[in-house]
Amino acid sequence: MVPGKCEQTRIQNWVNLVLQNVFILQEQDRRRDAGAGLRVKSIWREITDMEPEMEHTLSPISGASKAGELFAVIGGSGVGKSTLLNILSFRHSSRIHVGGDRCLNGVPVEQQVLQDISVFIPVEESRFPQVTIKEHLIFNVMLRTKFTSSTGQKMTLVDDIMREYGLWDYREEPIGNSEIPRLAMKMLSFATEILSNPSIIFCESPLCNLDCIDAFHVVEVMKKIASKGKIVISTFKQPSTEAFMQFDTVCIMTKGLVAFQGGIQEAITFWEEQGYTCPVNYNPCEFFLLTLRINPYEKEECDERNDKIVYQFKRTQLFKDLETLAHRRRWKTVAMSGLEDRLFRHRSRYRAGVCIQIVWLLKRELSVTFRAFFPFFGRLLLTIILAIFFGMMFWDVELDDNGVRSVSCFFFAATVQNLIVSGHCAILAFGRSFPVLMNENNKRMYRTLSCYLVKNLAEIPACTICPVVFVMISYPMIGIGSIFSEEVLLGCVTFTLATYIATSLGMFFTALSGSILGGLTMTHFDIIHLIFYSGLLLNTQTTLPMVGFVHNISIPYQIIDALMLIQFVKSNRSMTIEPSFGTTVHFQNGSNVMDYYSFNKDGKYWQPLFMLFLAMVIGARVVTFIPLVFRLYLHRKFYPDKL
């Protein structure tokens, strides 16, 4: 039983009723654009953001595809295949000005409606390599189907899909396993999208990087999908003869123009009428493309030949039938509008509830975290090594003259390594998952807030265990607190809060830049900020008041201030430090130490901890969510074809 069978049957029946003519892109006078909402327009692309002039990337194109057929868009590189596919699927950038009507049975369709009943399969899709094929399909079926069916029925559907698409033998293999054949990975792309029971499937170069045998198998699968009453529209460069003969309709393009559209035998006949006879036992597709090729040394002759073929096609009866079909208009009736309202206008963009989204996102995020070595175990191992290194360097320090300097140096070094390591780990982990997040967010699988909450929950093990282990190893070795002392407990709290803040800043820089390299580059600001405003290298009494204000609100300053208050304010022993310039400074108590390092001697240790808590919960976490939403919005608006 298919999840959400009642609802999907109702939608499928409506789609079968209207998907007789899928897309219609026609020419219209631009002077009438403002007052002719349903009239056909041209397709043009803006050359630059500053120049108002336009050029035709695709000339006016008309066409139709029917349910149950495999529609192939064929052409060489740069002829407009991917552009046409992106326009049909509403994946074009907002910088591309698109005119014309994409219609279902003569009724212009909106982006939300079309994307709700269609899927797009790119050449390469971003996935988590640690997740197995079965887990990946279960995650998709849980978030991309309605929850009207039970979990057992959804699991049965996943098993049936894996058997049907030849994935059963690889179900327990991680997706990142290089031993999985390319054919199986391509079948995984089809299986993932078929789970949502779409009516239209857009495919971009599905035969890329496949040999002829695997390519023919992929075309057979696409043909089988189309035979179930679905529309499959795909782009191809140069399929084999066996694969080419499987197509129901071919659209051969050149220079943004349609040189032919129709059946394969009709294409062969049309080429013969133009004086280009395909040799026997020759790949017709290859013959068509060679005929339309552009030789850079004979560009004018090639352009003239291609324009002639396009012109002759427009004079055929086949083209006239397409034009008649394209100009056919059926305005929405009251019944049609009401049906569309019931099915789409009041439906949620997300097929799973918020709680279901959070549960399955958290399961996947924890699996990725604990199966990958670096995000948790590698980071924990590095923390243990650094804790032992610091413990041996400052072994059994006494809080006397020189001990204060050693302990202060340890606090500074530990804070530096904690912030940098935590920030870089967050940048690497979040940056690697960012392409997956953008891809799935574009599919409306879950809300951005749900994903962000799960990211924060999944960080808890690493951001809590690592600083606690560091403090409980280093503090007893240095001699500044026993394993269950108050100093160790408060040190664990301080370093844990600092780790959460550094993680938030790493996610913030990654979301702001949109890449790992950009996030790592922006951490230089953190490093400079840490060095100059940490409190140990800067005496605010000799600087401008503005520098002192930045110093007081500095996160590294608050961290070291809390550690120094906990360690030295409680100490009343006599200490003497001999600075490098030869004078002797005698400290009577911990307050003198705080004065020497320009820290707040009158404050309590809970005050900087409270500031750290506010910075983590209210500041860093909320601020990080803003560039994340903004980045996803920019990608959906300006770079949807890159997702």
Side-chain angles (χ1 to χ4, degrees), residues 70 72 81-82 85 89 91 118-145 155 157-198 201-226 230 232-240 242-243 246 360 364-365 367-368 371-372 432-443 445 641-643:
L70 175 56
K81 303 187 305 297
S82 299
L85 195 68
S89 57
R91 285 172 55 88
S118 66
V119 294
F120 189 94
I121 302 178
V123 180
E124 296 290 342
E125 190 170 358
S126 300
R127 306 184 185 96
F128 288 107
Q130 297 83 9
V131 179
T132 64
I133 289 179
K134 184 176 182 179
E135 291 172 343
H136 175 76
L137 293 175
I138 291 175
F139 177 81
N140 278 267
V141 78
M142 290 299 177
L143 296 187
R144 302 183 70 178
T145 58
M155 295 300 180
L157 175 63
V158 171
D159 292 342
D160 294 340
I161 288 292
M162 287 191 295
R163 289 188 177 95
E164 181 179 357
Y165 288 89
L167 299 173
W168 184 257
D169 295 337
Y170 308 101
R171 63 187 183 278
E172 300 299 336
E173 294 291 334
I175 293 178
N177 188 354
S178 59
E179 297 181 359
I180 299 179
R182 289 184 179 271
L183 177 61
M185 297 304 298
K186 182 59 66 174
M187 290 296 101
L188 178 61
S189 299
F190 281 95
T192 302
E193 303 302 334
I194 289 298
L195 286 172
S196 61
N197 193 24
I201 297 97
F202 298 101
C203 305
E204 182 181 8
S205 301
L207 309 185
C208 184
N209 299 325
L210 296 178
D211 56 44
C212 59
I213 299 177
D214 292 344
F216 179 71
H217 181 73
V218 171
V219 174
E220 282 187 325
V221 170
M222 297 171 67
K223 183 76 173 179
K224 184 178 180 181
I225 294 174
K230 303 182 185 298
V232 181
I233 303 177
S234 179
T235 60
F236 298 92
K237 287 188 177 181
Q238 190 175 343
S240 62
E242 292 77 8
Q246 297 290 322
W360 286 98
R364 186 180 68 173
E365 196 68 28
S367 299
V368 172
R371 289 177 185 174
R432 290 172 180 172
S433 64
F434 203 66
V436 180
L437 171 60
M438 291 189 295
N439 180 35
E440 295 177 345
N441 183 268
N442 189 53
K443 296 178 181 179
M445 293 178 60
D641 55 334
K642 303 300 182 183
L643 297 176

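Index from 1, following the sequence.
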- Query: Is the charged tip of Arg91 near the ring of Phe120: under 6.0 Å from the six-membered ring centre and within 45° of its axis?
  - Reply: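 Output yes; distance and angle both within limits.
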Just so I know, are the side chains of [X] and [Y] near enough to count as touching, which here means a heavy-atom distance under 4.5 Å?
X: Glu204; Y: Glu124; answer: no
X: His217; Y: Met187; answer: yes
X: Lys186; Y: Val221; answer: no
X: Ser189; Y: Arg127; answer: yes
X: Val436; Y: Glu125; answer: no
X: Pro206; Y: Phe236; answer: yes
X: Glu440; Y: Phe139; answer: yes
X: Leu137; Y: Thr192; answer: yes

Does [Y] offer a backbone N or O that forms a donor-acceptor pair with the side chain of [X] under 3.5 Å?
X: Asn177; Y: Ile180; value: no
X: Lys230; Y: Pro198; value: yes
X: Ser234; Y: Ala72; value: no

Return the [atom1] to [atom2] distance between [X] and [Y], rounded to the nearest 0.5 Å.
X: Gln130; Y: Glu365; atom1: CD; atom2: CD; answer: 10.0 Å
X: Arg163; Y: Arg171; atom1: CZ; atom2: CZ; answer: 8.0 Å
X: Ser205; Y: Leu210; atom1: OG; atom2: CG; answer: 11.0 Å
X: His136; Y: Leu195; atom1: NE2; atom2: CG; answer: 8.5 Å
X: Ile213; Y: Glu242; atom1: CD1; atom2: CD; answer: 10.0 Å
X: Leu157; Y: Glu164; atom1: CG; atom2: CD; answer: 9.5 Å

- Message: Arg144 vs Glu193, test: salt bridge (charged side-chain N to carboxylate O under 4.0 Å, His left out). Steps then yes/no.
- Response: CA-CA 9 Å; Arg144 302 183 70 178; Glu193 303 302 334; 2.8 Å; yes
- Message: For a side-chain contact (heavy atoms from CB on, under 4.5 Å) check, start with the C-alpha distance between Tyr170 and Leu188, then their side-chain angles and the critical distance, and finish with the verdict.
- Response: CA-CA 10 Å; Tyr170 308 101; Leu188 178 61; over 6 Å; no
Which heavy atom in [X] sits nearest to a heavy atom in [Y], and how many Å separate them?
X: Ile175; Y: Phe128; answer: CB-O, 3.9 Å
X: Leu207; Y: Ala215; answer: CD2-O, 3.4 Å
X: Ile161; Y: Ala191; answer: CG2-CB, 3.4 Å
X: Ser196; Y: Val119; answer: OG-CG1, 3.7 Å
X: Ser126; Y: Asn439; answer: O-ND2, 4.0 Å
X: Ser82; Y: Thr235; answer: N-CG2, 4.5 Å

With a 6.0 Å cut-off (strictly less than), is the heavy-atom count around [atom1] of [X], excluding the residue itself, greater than 12?
X: Arg182; atom1: CZ; answer: no
X: Glu172; atom1: CD; answer: yes
X: Lys223; atom1: NZ; answer: yes

- Between Thr132 and Arg371, does any side-chain donor sit less than 3.5 Å from a side-chain acceptor?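 Checked: Thr132/Arg371 side chains show no N/O donor-acceptor pair below 3.5 Å.
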